[in-house]
**Student:** 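First the structure, which I've put down as structure tokens, then a few questions once you've had a look.
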Amino acid sequence: MKNLLRYHIKVYFKSNKLLLPFLIYLIYLCTAYSIMPYSIVSSFSESAWVLFFVMTYVGFSYTELENPVTEQLVLLKVNNDNLYYFSRITVLLIVGVIMSVMGILYPVIFNVINHSLLFTRSLMLSDIMFGFVLHCTMGFLGVMTGSLFHPRIIKNRKIAILMVFFVAILSVAKGSLIKELPLIRLVTGIFPPVYDILVTFTNRDFFSLQTMVIPILGGIIYGTVLMLAQIYFLKKNKF
């Protein structure tokens, strides 16, 4: 497993594909937190859905890096498809956790620099903990959404790009569509529950365990289903 993790890390970091999403998210953080004061819950929620988009790109772009010939050779050497795919997903999740740390650490540090004036109230440890869990969940959903559109699953890459963009946008914006077209709720339920999670924190001043458990658990379950579906289709759709 360690060797596979090293392999995937080398493949990803040598490509410089991580630089663009990292810069995009950093620019967002610098821009968003330039406005003071900011509500803690709403700012963390907004940062989390931006991270969802960023990590969707990360998951999708990584699948574009894989060389079919090299992948076949590694799979033959490892002789364990599940281990190979789980190691790749683990690396992407590590990237998601690193980005989540950045999404929380930046405002925390900026708040200290500005003498605790960044937010409308005092920042508490529970805010940091719940905010980090929210970011990690969104990162997980993003990675699983993007990587699901693997070249071996969706062979036409132009269609894959359109589909992943459509899914990512609708995952966040489906609430507005449901208000305009209530019947569309029957269709939007299949998309990642980004809106369903974030709407839980609308107009709230504090995070709470009671309000977070169900939406976060739902997000983790959905992401896990995507992960298992991805592995199933990759094992079914051979080279």
**Student:** According to salt bridge (charged side-chain N to carboxylate O under 4.0 Å, His left out), does anything in residues 119-146 pair up with another residue at least two apart or in another chain? List the pairs.
**Tutor:**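 Residue pairs passing salt bridge (charged side-chain N to carboxylate O under 4.0 Å, His left out), neighbours aside: R121-D127.
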**Student:** Determine whether S171 and T145 make a side-chain contact, defined as any pair of heavy atoms from C-beta on separated by less than 4.5 Å.
**Tutor:**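 They are not in side-chain contact.
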**Student:** For the atom pair OG (S100) and CZ (F140), what is the distance rounded to the nearest 0.5 Å?
**Tutor:** 12.0 Å
**Student:** Do other residues, nucleotides or ligands put more than 12 heavy atoms under 6.0 Å from the CD1 atom of I214?
**Tutor:** no
**Student:** Using a 3.5 Å cut-off and no angle test, enumerate the donor-acceptor pairs between side-chain atoms of residues 159-170 and protein atoms at least two apart in sequence or in another chain.
**Tutor:**
none

**Student:** Over all heavy atoms of both residues, which pair between Y57 and P21 is shortest? Give the atoms and the distance, please.
**Tutor:** CE2-CD, 3.6 Å
**Student:** Which distance, rounded to the nearest 0.5 Å, do you find between the CG of L234 and the NZ of K236?
**Tutor:** 12.5 Å
**Student:** Tell me, do Y222 and L141 make a side-chain contact under 4.5 Å, heavy atoms counted?
**Tutor:** yes
**Student:** With a cutoff of under 4.5 Å between side-chain heavy atoms, which Ile, Leu, Val, Met, Phe, Trp and Tyr residues group with M124?
**Tutor:** F206
**Student:** Where the side chain of N114 meets the backbone of S116, is there a donor-acceptor pair that is under 3.5 Å apart?
**Tutor:** no
**Student:** Between the main-chain N or O of K235 and the side-chain N or O of D81, is there a donor-acceptor pair closer than 3.5 Å?
**Tutor:**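 Checking the backbone N and O of K235 against the side chain of D81, no donor-acceptor pair under 3.5 Å is found.
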**Student:** Before giving the answer on side-chain contact (heavy atoms from CB on, under 4.5 Å), spell out for V95 and L18 the whole-Å C-alpha distance, their side-chain angles and the decisive distance to 0.1 Å.
**Tutor:** CA-CA 9 Å; V95 174; L18 186 59; 3.6 Å; yes
**Student:** Quick check: are there more than 12 heavy atoms from other residues, nucleotides or ligands sitting under 6.0 Å from CG of N203?
**Tutor:** no
**Student:** Could you label the plane-to-plane angle of the F53 and W49 rings as parallel, tilted or perpendicular, counting under 30° as parallel and over 60° as perpendicular?
**Tutor:**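 Judged by the thresholds at 30° and 60°, the geometry between F53 and W49 is perpendicular.
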**Student:** Would a 4.5 Å heavy-atom cut-off, applied to side chains only, mark F201 and S42 as touching?
**Tutor:** no
**Student:** Determine yes or no for a side-chain-to-main-chain donor-acceptor pair under 3.5 angstrom, with H115 supplying the side chain and L117 the backbone.
**Tutor:**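 Not confirmed, H115 side chain does not pair with L117 backbone.
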**Student:** Do L148 and I190 belong to the same hydrophobic cluster, where Ile, Leu, Val, Met, Phe, Trp and Tyr are linked whenever their side-chain heavy atoms lie under 4.5 Å apart, directly or via other members?
**Tutor:**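 The answer is yes; both residues are in one hydrophobic cluster.
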**Student:** Please evaluate residues T211 and S208 with respect to the criterion side-chain hydrogen bond (donor to acceptor under 3.5 Å, both in side chains), reporting the C-alpha separation (whole Å), side-chain torsions for both, the decisive distance (0.1 Å), and the verdict.
**Tutor:** CA-CA 6 Å; T211 57; S208 68; 2.8 Å; yes
**Student:** What is the distance from atom OH of Y33 to atom CZ of F119, rounded to the nearest 0.5 Å?
**Tutor:** 5.0 Å
**Student:** Can you check whether M99 reaches M55 side chain to side chain, under 4.5 Å on heavy atoms?
**Tutor:**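 Answer yes - side chains close enough.
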**Student:** V41 and R204: which non-hydrogen atoms are nearest, and at how many Å?
**Tutor:**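 Heavy atoms only, the tightest pair is CB-O, 3.4 Å.
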**Student:** So how far is it from T31 OG1 to L26 CG, rounded to the nearest 0.5 Å?
**Tutor:** 9.0 Å
**Student:** For Y106 versus C30, what's the shortest heavy-atom pair and its separation?
**Tutor:**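 Shortest heavy-atom separation between Y106 and C30 comes out as OH-CA, 3.4 Å.
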**Student:** Going hydrophobic residue to hydrophobic residue with side-chain gaps under 4.5 angstrom, can you get from L217 over to I197?
**Tutor:**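 Hydrophobic grouping puts L217 apart from I197.
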**Student:** Okay, side chain of S147, backbone of V143: is any donor-acceptor separation there less than 3.5 Å?
**Tutor:**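 Yes; judged by distance alone, with no hydrogens or angles, the pair exists.
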**Student:** Quick check: closest heavy atoms across H135 and F44, and the distance to 0.1 Å?
**Tutor:**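 Looking at all heavy atoms of both residues, the closest pair is CE1-O, 3.3 Å.
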**Student:** For N111 and L118, indicate whether the former's side chain and the latter's backbone hold a donor-acceptor pair under 3.5 Å.
**Tutor:**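 Yes.
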**Student:** Taking Y85 for the side chain and M227 for the main chain, is one N or O donor matched with an acceptor at less than 3.5 Å?
**Tutor:**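 Not a single qualifying donor-acceptor pair exists.
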**Student:** Do R88 and Q230 pair up side chain to side chain, a donor and an acceptor below 3.5 Å, judged on atom types alone?
**Tutor:**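 Result is yes, a qualifying pair exists.
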**Student:** Group every Ile, Leu, Val, Met, Phe, Trp and Tyr by side-chain heavy-atom contacts under 4.5 Å, then state whether I109 and I27 land in the same group.
**Tutor:**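 No, I109 does not connect to I27 through the hydrophobic network.
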**Student:** Return the OG to CD1 distance between S122 and I40, rounded to the nearest 0.5 Å.
**Tutor:** 7.5 Å
**Student:** Does the pair F149 and E64 meet the rule for a side-chain contact (heavy atoms from CB on, under 4.5 Å), with working shown?
**Tutor:** CA-CA 10 Å; F149 296 88; E64 298 288 306; over 6 Å; no
**Student:** Do the non-hydrogen side-chain atoms of V91 and L5 ever get within less than 4.5 Å of each other?
**Tutor:** yes
**Student:** Would a hydrophobic clustering, with Ile, Leu, Val, Met, Phe, Trp and Tyr connected at side-chain separations under 4.5 Å, put F233 with F60?
**Tutor:** yes
**Student:** Do you know which two heavy atoms are closest between Y28 and S43, and how far apart they sit?
**Tutor:**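 Closest approach of Y28 to S43, heavy atoms only: OH-O, 4.3 Å.
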**Student:** Can a donor-acceptor pair be found, under 3.5 Å and without considering hydrogens, that links the side chain of R157 to the backbone of I154?
**Tutor:** yes
**Student:** Any non-hydrogen side-chain atom of V50 less than 4.5 Å from a side-chain atom of M138?
**Tutor:**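 Of all side-chain heavy-atom pairs linking M138 with V50, none is under 4.5 Å.
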**Student:** Measuring from atom CG of L23 to atom CG of L19, what distance do you get when rounded to the nearest 0.5 angstrom?
**Tutor:** 4.5 Å
**Student:** Should Y25 and V101 be counted in the same cluster of Ile, Leu, Val, Met, Phe, Trp and Tyr side chains packed under 4.5 Å apart?
**Tutor:**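 Looking at the clustering, V101 is in the same group as Y25.
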**Student:** Could you go through V97 and F132, starting from their C-alpha distance and side-chain angles, then the distance that decides it, and tell me whether this counts as side-chain contact (heavy atoms from CB on, under 4.5 Å)?
**Tutor:** CA-CA 9 Å; V97 171; F132 179 68; 4.1 Å; yes
**Student:** Does CZ in F22 sit with more than 12 non-hydrogen atoms of other residues, nucleotides or ligands closer than 6.0 Å?
**Tutor:** no
**Student:** Determine the minimum heavy-atom distance between G131 and I104, stating which atoms define it.
**Tutor:** C-CD1, 3.6 Å
**Student:** Could you tell me if the side chain of I231 sits less than 4.5 Å from the side chain of F86, heavy atoms only?
**Tutor:**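 Yes. Closest side-chain heavy atoms under 4.5 Å.
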**Student:** Counting C-beta onward and ignoring hydrogens, is there a side-chain heavy-atom pair between L134 and F207 closer than 4.5 Å?
**Tutor:**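 Contact flag for L134/F207 side chains = yes.
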**Student:** For L51 and S47, run side-chain contact (heavy atoms from CB on, under 4.5 Å): C-alpha distance rounded to whole Å, both residues' side-chain angles, the deciding distance at 0.1 Å, then the answer.
**Tutor:** CA-CA 6 Å; L51 181 61; S47 175; 5.6 Å; no
**Student:** Keeping T200 on the side-chain end and D196 on the backbone end, is there a donor-acceptor pair under 3.5 Å?
**Tutor:**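 Answer holds: yes.
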